[in-house]
2 protein chains.
Amino acid sequence: MSNLTTNFNNKTIKYKQLLSNFKSLLKKNSLKFTVQREVILKTLYNSDIHLTPESLHQLIQKKYPELKTGIATVYRTLSLLEESGIATSLSFGAQGKKYELGAKKHHDHLICTECGSITEFVDEEIEHRQQKITEELGFKMSDHSMQIYGICKKCQNK
Amino acid sequence: MSNLTTNFNNKTIKYKQLLSNFKSLLKKNSLKFTVQREVILKTLYNSDIHLTPESLHQLIQKKYPELKTGIATVYRTLSLLEESGIATSLSFGAQGKKYELGAKKHHDHLICTECGSITEFVDEEIEHRQQKITEELGFKMSDHSMQIYGICKKCQNK
DNA sequence: ATAGTTTTTGGATATAATTGCAAAAAATAT
DNA sequence: ATATTTTTTGCAATTATATCCAAAAACTAT
């Protein structure tokens, strides 16, 4: 499975800092810093909504048409970002996956199964428990992801 | 590919009970009870490992060749089972999805990124917090999923 | 049991995601 | 700077997953 090495953890971060983290991650794993990878990272950073690989690809094609970035590269880079903990993906069953930078600050997700909206939240207590549980089981945690599915307030009032 | 699963707190329900739940769910939603749906449920029930749609399909074809169950039906039924909370899927990035019956008792997952093994666990405190958080946010929770990624004990000692 | 209605099915088709490969770009060595 | 090595890229091919549709099966009402 994944064999990437990472060493920084995720806090709210300026793009410059993020980029520098990304670069050192690449170097550490003998990967190359390419203009496509940068553009993908930057576009994700500048988007405040969760993007699908497809929509991210379209955004990039429109903004940087001269690059002719292929969809395969978008998929590959998103996987890379996810494996290294820089981005996170949310599963939407039939509707595919959506990505976001996980670099802001760690948080979990409430997903409305009616309208697809995503609400983020952080709960220290849960984070704590997770740490404790993994320790008890002799597991060395590197990452986690949690989603709660249900119906949001708006959709309940319809 | 590794596959061992450890169950803690495994309150397995009887197949008869599960089947009856499934039937009433179908009726409630004006869906029909078909032999294909039963075979898929039963095969999932009888497997103690997490199955991909593809491997589930192969198992069924081998055991019930006269049914000529199509892969599309397997996918459709798995989605149905997941939506209704009877089964859960775990994402494995490039390696696709794996399904299990969620009917035993709710649990979360520790996934080893080294060997791919899955360990299940339940933590009441986390379950509690989840409930509380969703209530506070006016959300009506129907389901949730949590995965912790890291390195398992075995793989650490290599 | 039979006929009428509704839903599901398998197969084909369409879309999403991944992978192989030769050419191109990036890093390294000279 | 240029040549050599390593990795990435885009495209095409493949595999995974979802959807369309006509025929078949399940249910309902007689």
Side-chain angles (χ1 to χ4, degrees), chain A residues 1-5 19 22-41 43 50-58 60-61 64-84 87 89-99 116, chain B residues 1 19 22-41 43 50-61 64-84 87 89-99:
Chain A
M1 301 209 111
S2 168
N3 46 2
L4 283 178
T5 13
L19 184 61
F22 186 41
K23 281 184 179 171
S24 69
L25 171 97
L26 291 173
K27 182 150 281 179
K28 203 167 158 195
N29 294 288
S30 315
L31 300 174
K32 289 175 180 175
F33 179 70
T34 66
V35 54
Q36 288 85 349
R37 282 176 176 162
E38 175 170 15
V39 156
I40 290 167
L41 184 74
T43 308
H50 297 74
L51 296 171
T52 62
E54 192 54 60
S55 58
L56 178 54
H57 181 229
Q58 283 173 359
I60 289 172
Q61 285 203 318
Y64 312 90
E66 74 285 1
L67 282 185
K68 294 194 192 325
T69 311
I71 184 80
T73 300
V74 173
Y75 275 106
R76 280 184 290 230
T77 304
L78 284 174
S79 300
L80 170 64
L81 289 172
E82 182 162 31
E83 274 174 46
S84 63
S89 76
L90 298 173
S91 229
F92 272 79
Q95 288 113 117
K97 273 186 178 181
K98 290 186 183 176
Y99 285 80
Chain B
M1 162 76 83
L19 184 61
F22 186 41
K23 280 183 179 172
S24 67
L25 171 96
L26 291 173
K27 182 150 282 179
K28 205 167 152 193
N29 296 301
S30 316
L31 300 175
K32 290 174 179 177
F33 180 70
T34 65
V35 55
Q36 287 85 350
R37 281 176 177 163
E38 175 170 14
V39 156
I40 290 168
L41 183 73
T43 308
H50 296 75
L51 295 171
T52 62
E54 192 54 60
S55 58
L56 179 54
H57 181 229
Q58 283 173 0
L59 264 180
I60 289 172
Q61 285 203 316
Y64 312 90
E66 74 283 3
L67 281 186
K68 294 194 190 324
T69 311
I71 184 79
T73 300
V74 173
Y75 275 106
R76 278 185 292 231
T77 304
L78 284 174
S79 300
L80 170 63
L81 289 172
E82 182 162 31
E83 273 172 46
S84 62
S89 75
L90 298 173
S91 230
F92 271 79
Q95 287 110 121
K97 275 185 177 182
K98 290 186 183 176
Y99 285 80

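The distance between atom CG of A:L41 and atom C1' of D:dT8, rounded to the nearest whole Å, is 17 Å. We find that CG of B:N29 is positioned 16 Å from C1' of D:dC27, with the value rounded to whole Å. Residue A:L81 contributes atom CG, which lies 15 Å from atom C1' of D:dT8 at whole-angstrom precision. Rounded to whole Å, the distance from CD on B:Q61 to C1' on C:dT9 is 14 Å. Distance, A:Y64 OH to D:dT9 P: 16 Å, rounded to whole Å. Going from atom CD1 of A:I71 over to atom P of C:dA16 covers 9 Å, rounded to whole Å. As a whole-Å value, the separation of B:H57 NE2 from D:dT17 C1' is 13 Å. Rounding to whole angstrom units, CG of residue B:L67 and P of C:dT8 are separated by 17 Å.
Across all strands, A:E54 comes closer than 4.0 Å to no nucleic acid atom at all (heavy-atom distances). Note on A:R37: only backbone sugar-phosphate atoms sit closer than 4.0 angstrom, heavy atoms only; bases stay farther off. Within 4.0 Å (heavy atoms only), B:L31 reaches sugar-phosphate atoms of the nucleic acid but no base atom.
Taking side-chain N and O atoms only, A:Y75 has no distance below 4.0 Å to OP1 or OP2 of C:dT18. In this structure, B:T34 does not reach the C:dT7 phosphate: none of its side-chain N or O atoms is under 4.0 Å from OP1 or OP2. Residue A:Q36 places at least one side-chain N or O closer than 4.0 Å to OP1 or OP2 of D:dG10.
Contact between A:P53 and A:K97 at its shortest, heavy atoms only, is CD-O, 3.5 Å. Between B:N29 and B:L25 the shortest heavy-atom distance is ND2-O, 2.9 Å.
Under the 4.5 Å side-chain criterion, counting only non-hydrogen atoms from C-beta, B:R37 is not in contact with B:L81. Within the 4.5 Å cutoff, side-chain heavy atoms of A:T73 are placed close to those of A:R76. A heavy-atom distance below 4.5 Å is found between the side chains of A:L31 and A:L80.
Mapped onto DNA chain C by nearest heavy atom, A:K32 and B:K32 fall at different nucleotides, with B:K32 at the one closer to the 5' end. In terms of position on DNA chain C, the residue among A:F33 and B:L26 whose nearest nucleotide sits closer to the 5' end is B:L26. The 5' end of DNA chain D is approached more closely, in terms of each residue's nearest nucleotide, by B:R76 than by the other of B:R76 and B:V35.
Set against D:dG10, C:dG10, D:dA18, the side chain of B:T69 has C:dG10 as its closest nucleotide.
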